[in-house]
S.K.: 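After the structure tokens below, expect a handful of questions from me.
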Amino acid sequence: MKKIRMLGLLLLSLASAPAFAQAPMAGPAATHRPPTGEDREAYITRLMRQMTLDEKIGQLRLVSVDAGPDAHKDVLIRDIEAGKVGGIFNTVTRPDIRLLQDAAVRSRLKIPLFFAYDVLHGHRTIFPIGLGLASTWNLDAVALSGRISAIEASGDGLNMTFSPMVDISRDPRWGRNSEGFGEDTYLVSRIGATLVHAYQGADPAAPGNILAAVKHFALYGAIEGGRDYNTVDMSPQRMFQDYLPPYKAAIDAGAAGVMISLNAINGVPATANKWLLQDVLRKQWGFKGVTISDHGAIMEMIKHGVAADGADASRLAITAGADLSMSDTMYGQNLKPLLQAGRIKQADIDRAVRDVLRVKYDLGLFQNAYRHVGVAADDPPDTNAESRLHRQAAREVARESLVLLKNDNQTLPLKKQGTIAVVGALAKSQRDMMGNWSAAGVPGQVVSLYQGLADAVGDKATLLYARGANVVDDPEIVKYLNLYEKDIEDDPRTRQQMIDEAVETAKKADVVVAVVGETQGMAHEASSRSDITLLGGQEDLLKALKATGKPLVVVLMNGRPLALGWEKDNADAMLEAWFAGTEGGHAVADVLFGDVNPSGKLPMTFPRSVGQIPMYYNHLNTGRPFDPQHPDKYTSRYFDAPNGPLFPFGYGLSYTTFDVSDVKLSAASVRMGGTVRASVTVRNSGQRDGATVVQLYLQDPVASISRPVKELKGFQKVVLKAGEQKEVSFTIKQDDLSFYNNDLKRVVEPGRFNVYIGLDSENVKAADFELRAAKGEGKAKGG
Ligand code: BGC
């Protein structure tokens, strides 16, 4: 942790917190005035006066083009020269970017392009996937991953990332959980804001910084049944309380862009949703940046059933406030005829064009179109050169992303001696260790889990390997997962043959490390699952390995919570590794051998089975809550499964133990507007140094609308030497007690509040205090 802080301080010195694009004509943008010297709005006004309608519409097109030889590049270059393209994504090397920017500079008005890419958890150096980053509960680690992503992406000539992805999700069936930061509003908001600062720095135009476009606005993580692209239907209270705050936090942190989600919200697709894109985003939140439709989303409004044809869809999108059309010909084809027919106004187009040009101005591109991409003479001779990677930082962050789920009889840490059997197809996979959306990462540069273990033991121990099982072997599923990108490479042997080999291997070893879970493609866009158990005979493999009597360590690689009931009951130890990135194998080895003590905590509840979904810790109590001490029939429960999760939100073990004292409050009663300090003493009661995350939860037990049983409102990661203790305090402010009432007003209601502090969301110490009405105001609620 200390190293992360130091590495982070170095990189963060470039990144203070500007309110980019929110304050017209103020701030860093003024330092990047174009040669005319005009300020932003004046420059844009003058430029727009010179633009033809076609050139204006051209600015609203965001075109995807892959690097390397491309059949359509000539057409694209001609379009750019004609001023018909505003921005490009998926082009990621300096020569490719320069080629296209050259074309823009040849256009009549020389309006530069901007270049975007999906840099989600690293660019060339890959960090753990979103769920892994969130499992660190360490904002310095998150910031470090964001700074390095920005430095590497800007070093390749890029100007913008489609990140952070802050969709709250309570449904493990959804494949895109892997990209986000889990189920909790507070944690996701903090991480989102941290990443925006880290990407954008104090000046988005400066080398080493890129713009952030937060996504997917809005509520994409709440799609019904966890089935990708499906519908969202949600109460306004839940939206404003739980699902919208992370987007707002990113915007408050200065995010320059907002990507609009593909889903409909209460019947209206987000891309056509005036209420969302204007009333909430612009009027309530004051967003002044650019909005970007998701891939093909404008056209999809026909299938959503709200537009009759492409023209109708374009009209809906532009009037709702979707500025840029991503990978979609709709604006290019339809805006001009729509205007000529009087179906849209010039002002609709102009407003969107101004948003796009503002971004370019703030990027300093009117001053220098080649600002990030530089000159050819400075291009790296090898884009993928090892020297361009930040391995040490990747390893530090990955170590903190690992969550120890179980450790009976001190099975872990392992000793670097004897014989260790490593089993599982994922153990040797470099591609899967990177996870999905791995930007410009190169699988060959990734340390697989097996390689990490091999590097750690050197010649001190013998490693044996057996594949044991395929990750999936149903031919239909394999075909699906391999449709666009090869994800699964199955071993043709039968399940039994592979298991037999693994059992023989295990018998020769002192301990078995079984690496099971999902491929990266199984936890991706368009990768929803109705079954969240292990597939491909992996569970049978674990059963057979268990039967050998050897200690069984299960290491999980996966991008969503999985239902692992048998594993929890039978494995001797379990480590959640997610997809840990370029240095994943080394980081896992560091933890398995005890060179690093694990400190990650789950950012998402693990259910026992798919039938419990949605499952989240901050649920309402209901009128008939289930009480495990006094189980009763007519209470809110399943009769065929326990109520609780397999592993709760915030959970994660260590090789040492920590004790948490009772909660001390600075006051038993406080007037409205005052603060209360809640403290505990945390003691490392074990034999090893270690780190843990102290979590503060609050509950308003009697309010005008039913409030959750608890909600996260603060956390601190603390490092304690064996035997050391530390006081950890949180200041509870009025805002922490507030919620949206039935009239959608943010209120704080006087009365008693419960304070819970612990090391996960279930095992907490409790206290309570009274919030009194301000002088002269009404009585406290709840008697
Ligand atoms: C995804 C976005 C992504 C975009 C561009 C879409 O399919 O939903 O998250 O940013 O593609 O790659």
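Counting from 1, the numbers follow the sequence of the chain as shown. Both ligands and their constituent atoms are indexed starting at 1 by order of listing. Source: prediction; values computed, not measured.
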S.K.: Looking only at distances, can you tell me whether any N or O atom of Asp294, backbone or side chain, sits closer than 3.5 Å to an N or O atom of ligand 1?
M.R.: yes

S.K.: Determine, stepwise, if the pair Asp487 / Thr519 fulfils side chain to side chain donor-acceptor pair (under 3.5 Å).
M.R.: CA-CA 7 Å; Asp487 183 49; Thr519 61; 2.6 Å; yes

S.K.: Considering only protein heavy atoms, which is closest to atom 7 (O) of ligand 1, and at what distance to one decimal place?
M.R.: Glu525 OE1, 2.9 Å

S.K.: Passes side chain to side chain donor-acceptor pair (under 3.5 Å), Asp171 versus Ser169? Steps please.
M.R.: CA-CA 6 Å; Asp171 194 330; Ser169 173; over 6 Å; no

S.K.: When you measure from the heavy atoms of Met165 to every atom of ligand 1, does any distance fall below 4.0 Å?
M.R.: no

S.K.: Please determine whether any non-hydrogen atom of Met259 lies less than 4.0 Å from an atom of ligand 1.
M.R.: yes

S.K.: For atom 5 (C) of ligand 1, which protein heavy atom lies nearest, and how many Å away is it?
M.R.: Asp118 OD2, 3.2 Å

S.K.: With a cut-off of 4.0 Å, which atoms of ligand 1 are near a heavy atom of Phe89?
M.R.: 5 (C), 12 (O)

S.K.: Based purely on interatomic distance, does Arg176 place a nitrogen or oxygen under 3.5 Å from a nitrogen or oxygen of ligand 1?
M.R.: yes

S.K.: Which residue owns the protein heavy atom closest to atom 9 (O) of ligand 1, what's the atom, and how far is it?
M.R.: His216 NE2, 2.6 Å

S.K.: What atoms of ligand 1 come closer than 4.0 angstrom to any heavy atom of Phe162?
M.R.: 10 (O)

S.K.: Any N/O of His295 closer than 3.5 Å to an N/O of ligand 1?
M.R.: no

S.K.: Donor-acceptor pair, Arg560 side chain versus Arg173 backbone, under 3.5 Å?
M.R.: yes

S.K.: Can the positive tip of Arg170 be found less than 6.0 Å from the middle of the six-membered ring of Tyr616, inside 45° of the ring normal?
M.R.: yes

S.K.: Indicate, as side chain, backbone, both or neither, the part of Lys215 found under 4.0 angstrom from ligand 1 when only non-hydrogen atoms are considered.
M.R.: side chain

S.K.: Just by distance, with hydrogens left out, do Asn558 and Trp578 show a side-chain donor and acceptor under 3.5 Å apart?
M.R.: no

S.K.: Under 3.5 Å, is there a donor-acceptor pair linking the side chains of Tyr199 and Ser163?
M.R.: yes

S.K.: Between the side chains of Arg176 and Glu179, is the shortest nitrogen-to-carboxylate-oxygen separation below 4.0 Å, so that they form an ion pair?
M.R.: yes

S.K.: Do side-chain atoms of Ser154 reach the backbone of Pro207 as a donor and acceptor pair under 3.5 angstrom?
M.R.: no

